Amino acid sequence: MTPTLVNAPAHVAIIMDGNGRWAKQRGLPRAAGHKAGTDNLRRVIEAAVELGIRILTIYAFSTENWQRPADEVNGLMSIFEEVIDRELGELHRNGVRLRHIGRLDRLSPAFADKVRAAIALTRDNTRLTLNIAFNYGGRAEIVEAVRSIVAAGLPPEQITDDTVAAHLYTAGQPDPDLIIRTSGEMRVSNFLIWQGAYSEYFITPTYWPDFDKEQLRLALEEYSRRHRRFGGL
Ligand code: FPP
């Protein structure tokens, strides 16, 4: 039985990095790393529910990831589509609400339809909200928000932080309390750049396929010891 943490974060976001290096270390193709990363995601979702996390946001594919070789991009698309086909039923039975943050426009129409259907199916679930950042970029998100605010004709003096937040993909959701990045890179990589303004960061050298429940628990423990000041004292 995992003891309940004092001061547990409600919203945890993860930059799942290091699949490629995990594979290389084992002399395997990068695709094997993505497969292992996908298997790990399942375990981490289960662990998140057990640890009392209410919202989990994962960075699955960025607007910059299109620059990878076509083989790898196509491989990732197939993996994501297969995951929906294979896991949706169980996610739904376990009370997971799926949301997408990012744009669906570069996905194949069949894949985009699957994503929409998964969101519709799970919309009333309440145990865990799983935001999948897919074809997501933080700057693109802010640009889109600005465009829709301008298009709505709002007078400049009425535009506040709340106005911007209400036009982001994450509208209506609380900001992440904790952002975890695996594989040791010390950068934000265009992820939740508005929403993460006051998030705590936890960076571990562990590659994503090896980031297990124990490591998630350690990240939450460290978070619970931090004193968040939001710019105050
Ligand atoms: C980082 O490894 C991971 C990605 C680019 C995203 C792919 C994530 C998965 C396959 C996990 C499963 C997610 C879903 C939604 C099914 P990298 O390729 O950047 O690794 P490297 O930096 O070591 O090369």
Side-chain angles (χ1 to χ4, degrees), residues 1-5 8-19 22 32-62 76-102 111 114-136 169-170 173-183 191-192 195-196 199 202-204 206-224:
M1 188 65 197
T2 311
T4 313
L5 280 168
H11 183 175
V12 174
I14 309 184
I15 302 176
M16 309 179 290
D17 197 7
N19 290 347
W22 181 94
H34 293 315
K35 161 82 177 62
T38 306
D39 295 344
N40 191 47
L41 178 60
R42 193 175 210 278
R43 294 190 288 268
V44 168
I45 293 169
E46 283 168 10
V49 171
E50 283 173 40
L51 292 164
I53 292 168
R54 305 311 311 262
I55 306 176
L56 180 67
T57 300
I58 51 159
Y59 204 5
F61 193 87
S62 76
L76 284 169
M77 295 296 149
S78 307
I79 287 182
F80 298 136
E81 221 175 314
E82 279 163 31
V83 166
I84 297 184
D85 291 341
R86 200 177 56 230
E87 308 285 351
L88 180 61
E90 197 178 341
L91 288 168
H92 185 43
R93 276 192 296 282
N94 282 290
V96 177
R97 176 191 185 199
L98 279 175
R99 296 194 49 170
H100 169 248
I101 61 173
F111 182 8
K114 269 184 199 170
V115 175
R116 287 189 202 96
I119 293 166
L121 175 73
T122 61
R123 61 178 303 147
D124 295 325
N125 293 340
T126 55
R127 201 161 173 213
L128 175 80
T129 296
L130 179 64
N131 290 316
I132 303 186
F134 192 91
N135 193 15
Y136 172 87
Y169 305 135
T170 49
Q173 300 198 50
D175 289 337
D177 301 298
L178 173 66
I179 299 180
I180 296 171
R181 181 164 190 150
T182 59
S183 99
F191 185 51
L192 302 178
Q195 301 89 333
S199 301
F202 179 88
I203 296 174
T204 168
T206 304
Y207 295 146
W208 170 249
D210 291 331
F211 184 84
D212 59 10
K213 180 176 175 185
E214 181 52 21
Q215 303 228 0
L216 180 61
R217 206 184 52 73
L218 285 174
L220 301 199
E221 243 172 48
E222 176 166 329
Y223 169 88
S224 74

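The first residue in the sequence is number 1, and the count goes up from there. As the structure is a prediction and not an experimental result, all values here were calculated from the model.
- Not a single donor-acceptor pair under 3.5 Å links the side chain of His34 to the backbone N or O of Leu76.
- Residues Asn125 and His92 bring a donor and an acceptor atom of their side chains to less than 3.5 Å of each other.
- Without hydrogens or angle criteria, Asp177 side chain to His11 main chain gives a donor-acceptor distance under 3.5 Å.
- Looking at Leu56 and Val96, their side chains never come closer than 4.5 Å, going by heavy atoms from C-beta outward.
- Heavy atoms only, all atoms of each residue included: Ala8 and Tyr223 are closest at C-CE2, 4.2 Å.
- The environment of Lys114 atom NZ is dense: over 12 non-hydrogen atoms of other residues, nucleotides or ligands sit within 6.0 angstrom.
- Annotation: side chain of Leu98 is not in contact with side chain of Ile84 (no heavy-atom distance under 4.5 Å).
- In this structure, the side chains of Asn131 and Tyr169 stay at 4.5 Å or more apart for every pair of heavy atoms.
- Two residues are said to be in side-chain contact when any heavy atoms from C-beta on lie closer than 4.5 Å; Tyr207 and Thr182 fail this criterion.
- Arg123 places none of its side-chain heavy atoms less than 4.5 Å from the side chain of Ile119.
- For Trp208 (side chain) and Gly37 (main-chain N/O), a donor-acceptor pair under 3.5 Å exists by modelled atom type.
- Of the possible donor and acceptor atoms, none in the side chain of Arg181 sits under 3.5 Å from a partner among the backbone N and O of Asp17.
- Using a 4.5 Å heavy-atom cutoff, the side chains of Leu192 and Ile101 are in contact.
- The distance from the CD atom of Glu214 to the OG1 atom of Thr206 is 11.0 Å, given to the nearest 0.5 Å.
- Under the 30°/60° scheme for interplanar angles, the aromatic rings of Phe61 and Phe80 are found to stand perpendicular.
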